[in-house]
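Let me begin by presenting the structure, written as C-alpha cells, before commenting on it.
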Amino acid sequence: MNLQKKQADRFDWTLAFILALLAIVGIFAIASAQTAEQYGPINFALLQVRWYVVGSVIIAATIYLEPEQYKKLAWPLYGFGVLLLLFLMVAPGGDGQIAEIRMGAKRWLNLPIIGRIQPSEFIKTFFILGMAQLVSKHQEVHLNKTMKTDFLLLGKIAATLIVPLFFIAEQPDLGTSLVFIAITVAIILVAGISWKIILPLFAGGAALGASLLWMAVYAQDFMENVLGFDRYQFRRVYSWLDPYSYPSDEGYNLIQAMTAIGSGELSGKGFHGREVYIPENHTDFIFSVIGEEYGFIGTSIVIFLFFILIFHLTKVALELKDPFSVYVCTGVIALIAFHVFENIGMNIQLLPITGIPLPFISYGGSSLFSNMLAIGLIFSMKFHHRTYMFDSEDE
C-alpha cells in the first residue's frame, strides 16, 4: 500500500509544470494584447496574475478532499450550479442591475464582494462531477449490463444534461451548450454502453447537426419561426462560411484574426509587435495575438503544450482504478480539449465563432477559476487514489 508515501511524491508535479508554462504564455500574451488603446489604463495581465494566485488556492483546496467526498458533494454542487443559472435567468438585467447584459446576452452576475462572475463557467465542473457520480452509481447498481440498463443510463444522462442546457439556451450561449454536449459524449463513450446503441445515436446526432447547418443556410425562416433560433445565430454561420461578405459586421473579428495570424508568418513580429487591431483580443482572440507576435513557431508551441496537457491527463485517467475518478478525468479532458479545439478553430475559420476562451491563456476570472477547479479535481484523484486502494506493485 501507498499509505506511507510522502505527500510530495503523490503530488502531480508534471501537471503543475505544464500549468505553469501555460500561465506564463497566457500572461505574456495578455500583457501584449492590452497595449491597444481600447483597454485604457486597466492592467489585465496583472489581474490575470491575481486570478492565477486565487486559482492556485482553489487547486490546493480541491486536493484536500478525497474522491469519496466528491461523490457525496457531486449532486449538491450540481444543484447549486443549476440554482445559479436559475437566479441569473430571473435576476433583473441591465445597467446597475444584478445581471449584466452584453451584446444581447445575459450571462454575468454582479455580486457584492465577489464581483462579476459567469455562472455557466462554474457549472461545467459541477456537471462533470454529477455525471461521474450518476454513471458510476448506475454501474454499481446494475452489475449485469443489458440493453435495458444501457437505455436507462442514457435516459438518466439526458435528464442531467437537459436541465443546464435549458437555462444556458435562455442566455443565449451556444458555445457553452456545445461544451456540455462534448462532455456528455465523452463520458458516454467510456461508460461501456453497447455500440449497438451508441453508433445509431451518434449517427443521428451527426445527421441532425448537418441538417441544422443546411437549414441555417437555406431555410432560415423555418428555423426562426418554427424552431425558435435567433437571427444572430444565422449571421454567425454566414460570417464563418464567408467572412469577407460581412467585413464590417459579424465577419470583422474573423478577418482580423486570420490577418493577424497570417502576418506573423514563421517566427512572428516579436513581443509588442502587433499591427492588426482585433477587439477583445485578450480574451477569445488571444491565439491571434500569439500568432502575430510569434508566428507559426509560437502557435505550434502553444498547441504542443495543450497536446502534452491532454496526453498527461489521459495517462492519469488510465492509471486510476476508481470508476468515479475515471469519469471525472474523462469529463475534464473533454472540457479542455473542446475549448482548445473550438477556440483555435474559430481563430483560423475552421469552426464558427462561439465566444469560447482558450483555457489557461485567455483573460478571465470565471473561466480560469472553472478550469483550475477542474484541474484541481485531477490533482485530487491522482493524489488520493492510492491511499485507499491496494496495488500489487506495492505489496
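Side-chain atoms are counted along with the backbone in the values below, which use heavy atoms only and exclude waters and symmetry mates.
A distance-only check finds no donor-acceptor pair linking the side chain of Tyr78 to the backbone of Ile128 [under 3.5 Å]. Between the side chain of Gln256 and the main chain of Tyr277, a donor-acceptor pair closer than 3.5 Å is present. With hydrogens and angles disregarded, a donor-acceptor distance shorter than 3.5 Å links the side chain of Asp150 to the backbone of Ser194. Under a 3.5 Å cut-off, the side chain of His339 and the backbone N or O of Leu335 do form a donor-acceptor pair. The backbone N or O of Trp75 lies less than 3.5 Å from no partner atom in the side chain of Gln133, so there is not a single donor-acceptor pair. The main-chain N or O of Ser370 is found under 3.5 Å from a side-chain atom of Thr125 such that the two form a donor-acceptor pair. Although no hydrogens or angles enter the test, the distance criterion places a donor-acceptor pair under 3.5 Å between the side chain of Ser362 and the main chain of Thr283. A distance-only check finds no donor-acceptor pair linking the side chain of Ser380 to the backbone of Gly376 [under 3.5 Å].
Contact of the Val328 side chain with the Met381 side chain is registered, since non-hydrogen atoms from C-beta on lie closer than 4.5 Å. Taking 4.5 Å as the limit, every side-chain heavy atom of Asn343 sits out of range of all side-chain heavy atoms of Leu351. Counting heavy atoms from C-beta outward, Ile375 and Met372 have side chains that stay 4.5 Å or more apart. Side-chain contact check for Thr62 versus Tyr70: some heavy-atom pair is nearer than 4.5 Å. Between Lys315 and Leu318, the closest side-chain pair of non-hydrogen atoms is not below 4.5 Å. Proximity of Phe127 to Thr184: side-chain heavy atoms (C-beta onward) are separated by under 4.5 Å at one or more points. Two residues are said to be in side-chain contact when any heavy atoms from C-beta on lie closer than 4.5 Å; Gln118 and Ser367 fail this criterion. The closest side-chain heavy-atom distance from Leu85 to Phe166 is not below 4.5 Å.
Across all non-hydrogen atoms, the minimal contact from Ala182 to Phe338 is CB-CD1, 3.7 Å. Across Phe202 and Val185, no two heavy atoms sit closer than the pair CZ-CG1, 3.7 Å. A pairwise comparison of heavy atoms in Trp240 and Gln349 identifies O-NE2, 2.7 Å as the closest pair. Closest of all the heavy-atom pairs between Ser325 and Leu320 is CB-CD1, 3.6 Å. The minimum heavy-atom distance linking Ser263 with Lys269 is given by the pair OG-NZ, 3.1 Å. Across Lys124 and Ser120, no two heavy atoms sit closer than the pair CG-O, 3.3 Å.
From Met346, atom CE reaches atom CE of Met258 across 12.5 Å, with rounding to the nearest 0.5 Å. Taking CD1 of Ile168 as the reference point, atom OG of Ser177 lies at 5.5 Å (rounded to 0.5 Å). For the atom pair CG (Leu19) and CD1 (Ile59), the distance works out to 5.5 Å, reported to the nearest 0.5 Å. We find the CD1-CG distance between Ile181 and Leu165 to be 5.5 Å, quoted to the nearest 0.5 Å. If you take OH on Tyr294 and OG on Ser300, they are separated by 15.0 Å, rounding to the nearest 0.5 Å. Distance check, rounded to the nearest 0.5 Å: CG of Leu65 to CG of Leu73 gives 6.5 Å.
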I'd like to know whether Asn253 forms a side chain to side chain contact (heavy atoms under 4.5 Å, CB included) with Asn281, so could you lay out the CA-CA distance, the side-chain angles of the two residues, the decisive distance to 0.1 Å, and finally the verdict. CA-CA 9 Å; Asn253 286 351; Asn281 59 355; over 6 Å; no

Residue pair Asp322, Lys71: steps toward the salt bridge (charged side-chain N to carboxylate O under 4.0 Å, His left out) verdict: CA-CA 11 Å; Asp322 174 34; Lys71 286 183 182 180; 3.5 Å; yes

Between Asp12 and His312, is a side chain to side chain donor-acceptor pair (under 3.5 Å) present by the stated rule, with each step listed? CA-CA 10 Å; Asp12 195 335; His312 181 75; 2.7 Å; yes

Walk me through it: do Leu153 and Thr149 pass the test side chain to side chain contact (heavy atoms under 4.5 Å, CB included)? CA-CA 6 Å; Leu153 176 57; Thr149 61; over 6 Å; no

Can Ile353 and Phe285 be said to form a side chain to side chain contact (heavy atoms under 4.5 Å, CB included), step by step? CA-CA 10 Å; Ile353 293 176; Phe285 293 96; 3.8 Å; yes

Side chain to side chain contact (heavy atoms under 4.5 Å, CB included) evaluation trace for Leu84 with Ile123: CA-CA 9 Å; Leu84 275 179; Ile123 195 177; over 6 Å; no

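Ile193 pairs with exactly one of Leu201, Leu154, Ile187 by the side chain to side chain contact (heavy atoms under 4.5 Å, CB included) rule, that one being Leu154. When each of Phe379, Phe17, Phe383 is checked for a ring-ring contact (aromatic ring centres under 6.0 Å, His included) with Phe11, only Phe379 meets the rule.
With ring centers used as reference points, Tyr252 lies 6.0 Å or more from Tyr246. Within the 6.0 Å centre-distance limit, the rings of Phe44 and Tyr363 are counted as a close aromatic pair.
Counting non-hydrogen atoms of other residues, nucleotides and ligands closer than 6.0 Å to CZ of Phe311 gives a total of 12 or fewer.
Hydrophobic clustering of Ile, Leu, Val, Met, Phe, Trp and Tyr side chains at less than 4.5 Å, counting indirect connections, unites Phe304 with Phe306. No path of Ile, Leu, Val, Met, Phe, Trp and Tyr side chains, each step under 4.5 Å between heavy atoms, connects Leu46 with Ile286, placing them in separate hydrophobic clusters. Trp13 and Ile63 fall within a single hydrophobic cluster, where Ile, Leu, Val, Met, Phe, Trp and Tyr are joined by side-chain heavy atoms under 4.5 Å apart, directly or via other members. Each of Trp51 and Val57 belongs to its own hydrophobic cluster when Ile, Leu, Val, Met, Phe, Trp and Tyr are linked at side-chain heavy-atom distances under 4.5 angstrom. A chain of hydrophobic side-chain contacts below 4.5 Å, direct or via other Ile, Leu, Val, Met, Phe, Trp or Tyr residues, connects Trp195 to Ile188.
Side-chain polar atoms of Gln69 and Tyr64 form no donor-acceptor pair below 3.5 angstrom. Glu342 and Thr354 share a donor-acceptor pair across their side chains, judged by distance under 3.5 Å alone.
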